[in-house]
Peer 1: 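Take this structure first; my questions come after.
In this text, all values refer to a predicted model and were calculated from it rather than measured experimentally.
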Amino acid sequence: MSRPPRTMTDDGPEYRYSFTVTEHYRRELTRALIGAGYRSAGIWMAIAIVLVAGIGSSLLLGSVIPVIVAAAVDVALVVAVPVAAHRRVEAAAALGSVARSGFGESSFRIGHDLPGMLVDYDRVVDVTPRGDLVWLRIRMASSTPRAAWPRALFPDAELARLRDATAHE
């Protein structure tokens, strides 16, 4: 069984790099989360299922109303992606908050203000730099969530070390 990332009270590298959250960063993060949401197969499967159910119900009932309702639900699903992305950014990256990182021999520390988390390099599943962001997937006890962090927290040498750590997968 996998263990979760360690907490701030554990021994590990000290913070060395910092980034103050700006409105530009929040817009970039929101755009990235919206893009990730629309690239997700789940949203498109939900839209297709609702539409097929609406068409099927319409054929069975001999009415166009189920198709109209299905179309309205699909529009709501499409609109929900950017709304959810905006809310996640508002909750996770307050304007003016400080994100920090520090890297050691076997682990790295990362967090917005306090608390942060200490992650062993062998828990990193994927590292994807994209523009001003670095997407990380970290193996946790029951899942492998994906998170975006400011590129400024990952100097080139440390980013290369993280990418090397994922090569063992």
Peer 1: Answer with yes or no whether the hydrophobic clustering places Ile43 together with Leu33; edges join I, L, V, M, F, W, Y residues whose side-chain heavy atoms lie under 4.5 Å apart.
Peer 2: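 No, Ile43 does not connect to Leu33 through the hydrophobic network.
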
Peer 1: Please say which of Asp120, Leu153, Leu136 ends up in a side-chain contact (heavy atoms from CB on, under 4.5 Å) with Phe108.
Peer 2: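 That would be Leu136.
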
Peer 1: Is any side-chain N of the basic residue among Glu23 and Arg26 closer than 4.0 Å to the acidic one's carboxylate O?
Peer 2: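 Here Glu23 pairs with Arg26 in a salt bridge, since their nearest N and O are under 4.0 Å apart.
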
Peer 1: Do the rings of Tyr25 and His112 sit parallel, tilted or perpendicular, given the 30° and 60° boundaries?
Peer 2: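 It falls in the tilted class, 30° to 60°.
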
Peer 1: Please say yes or no: joined through hydrophobic side-chain contacts below 4.5 Å, possibly via intermediate residues, are Val119 and Leu159 part of one cluster?
Peer 2: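 Looking at the clustering, Leu159 is in the same group as Val119.
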
Peer 1: So which atom in Gly96 and which in Thr20 form the shortest heavy-atom distance, rounded to 0.1 Å?
Peer 2: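 Scanning both residues completely, I find the closest heavy atoms to be O-CG2, 3.8 Å.
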
Peer 1: CD1/Ile55 to CG/Leu51 distance, rounded to the nearest 0.5 angstrom?
Peer 2: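 With rounding to 0.5 Å, CD1 (Ile55) is 4.0 Å from CG (Leu51).
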
Peer 1: Are any non-hydrogen side-chain atoms of Leu29 and Arg88 less than 4.5 angstrom apart?
Peer 2: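 They are not in contact (no side-chain heavy atoms under 4.5 Å apart), so the answer is no.
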
Peer 1: Kindly give the cluster partners of Val79, where membership spreads through any ILVMFWY side chain lying under 4.5 Å from a current member.
Peer 2: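 Result for Val79 is Val75, Val83.
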
Peer 1: Would you please name every residue forming a side-chain contact (heavy atoms from CB on, under 4.5 Å) with Thr128, sequence neighbours left out?
Peer 2: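 Result, side-chain contact (heavy atoms from CB on, under 4.5 Å) vs Thr128: Asp126, Arg130, Trp135.
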
Peer 1: Would Val21 end up clustered with Tyr17 when hydrophobic side chains under 4.5 Å apart are linked, directly or stepwise?
Peer 2: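 Per the 4.5 Å side-chain linkage, Val21 and Tyr17 are co-clustered.
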
Peer 1: Report yes or no: does Arg139 contribute a side-chain atom to a donor-acceptor pair with the main-chain N or O of Asp122 at less than 3.5 Å?
Peer 2: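 Side chain of Arg139 to backbone of Asp122: a pair is present.
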
Peer 1: Would you please name every residue forming a salt bridge (Lys or Arg N to Asp or Glu O under 4.0 Å) with Arg151, sequence neighbours left out?
Peer 2: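 Listed in chain order: Asp156.
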
Peer 1: Under the side chain to side chain donor-acceptor pair (under 3.5 Å) test, which residues partner Arg31, sequence neighbours left out?
Peer 2: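 Residues passing side chain to side chain donor-acceptor pair (under 3.5 Å) with Arg31: Glu28.
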
Peer 1: Val78 versus Tyr38: any side-chain heavy-atom pair under 4.5 Å?
Peer 2: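 Counting from C-beta outward, Val78 and Tyr38 do come under 4.5 Å.
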
Peer 1: What are the two closest heavy atoms between Val81 and Gly37, and how far apart are they?
Peer 2: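 Of all heavy-atom pairs spanning Val81 and Gly37, the closest is CG1-CA, 4.0 Å.
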
Peer 1: Would you say that Glu90 contacts Arg87 through its side chain, given a criterion of any heavy-atom pair below 4.5 Å between the two side chains?
Peer 2: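 Sidechains of Arg87 and Glu90: no contact.
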
Peer 1: Mind checking ring-ring contact (aromatic ring centres under 6.0 Å, His included) for Phe154 and listing every partner two or more places apart, or none if nothing turns up?
Peer 2: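 Phe154: ring-ring contact (aromatic ring centres under 6.0 Å, His included) contacts with Phe103.
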
Peer 1: Would you say the side-chain atoms of Arg109 pair up with the backbone N or O of Pro13, donor to acceptor, closer than 3.5 Å?
Peer 2: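 Here the side-chain-to-backbone pair exists.
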
Peer 1: Report the distance from atom OG of Ser40 to atom CE of Met45, rounding to the nearest 0.5 Å.
Peer 2: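 Separation between the atoms: 9.5 Å.
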
Peer 1: Any side-chain heavy atom of Leu133 within less than 4.5 Å of one from Trp149?
Peer 2: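 A side-chain contact is absent here, since even the closest heavy-atom pair is not under 4.5 Å.
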
Peer 1: Treating Ile, Leu, Val, Met, Phe, Trp and Tyr as nodes and any side-chain heavy-atom pair under 4.5 angstrom as an edge, say whether Val69 and Val52 lie in one connected cluster.
Peer 2: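 As far as the 4.5 Å side-chain criterion goes, Val52 and Val69 are not connected within one cluster.
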
Peer 1: Does CG belonging to Leu59 count more than 12 external heavy atoms closer than 6.0 Å?
Peer 2: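 Buried by this count: over 12 neighbours within 6.0 Å.
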
Peer 1: If I compare all heavy atoms of Tyr15 with all of Gly111, which pair ends up nearest, and what's the gap?
Peer 2: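 For Tyr15 versus Gly111, the nearest heavy atoms are OH-N, 3.8 Å.
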
Peer 1: Apply side-chain contact (heavy atoms from CB on, under 4.5 Å) to Glu105 and list each qualifying residue two or more places apart in sequence or on a separate chain.
Peer 2: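 Partners of Glu105 under the side-chain contact (heavy atoms from CB on, under 4.5 Å) test: Arg161.
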
Peer 1: For Val124 and Arg163, run side-chain contact (heavy atoms from CB on, under 4.5 Å): C-alpha distance rounded to whole Å, both residues' side-chain angles, the deciding distance at 0.1 Å, then the answer.
Peer 2: CA-CA 9 Å; Val124 178; Arg163 292 183 115 176; over 6 Å; no

Peer 1: Backbone N or O of Gly104 within a donor-acceptor pair of the Tyr121 side chain at under 3.5 Å?
Peer 2: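 Looks like yes, one N/O pair under 3.5 Å.
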
Peer 1: With rounding to the nearest 0.5 Å, note down the distance linking OG1 in Thr166 to CZ in Arg137.
Peer 2: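 Separation between the atoms: 10.5 Å.
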
Peer 1: Would you say Val127 and Met117 are hydrophobically clustered, going by side-chain heavy atoms of ILVMFWY under 4.5 Å?
Peer 2: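 In one cluster: yes.
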
Peer 1: Is it the case that the side chain of Ser58 and the backbone of Gly54 share a donor-acceptor pair, with hydrogens and angles ignored and the cut-off at 3.5 Å?
Peer 2: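 No.
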
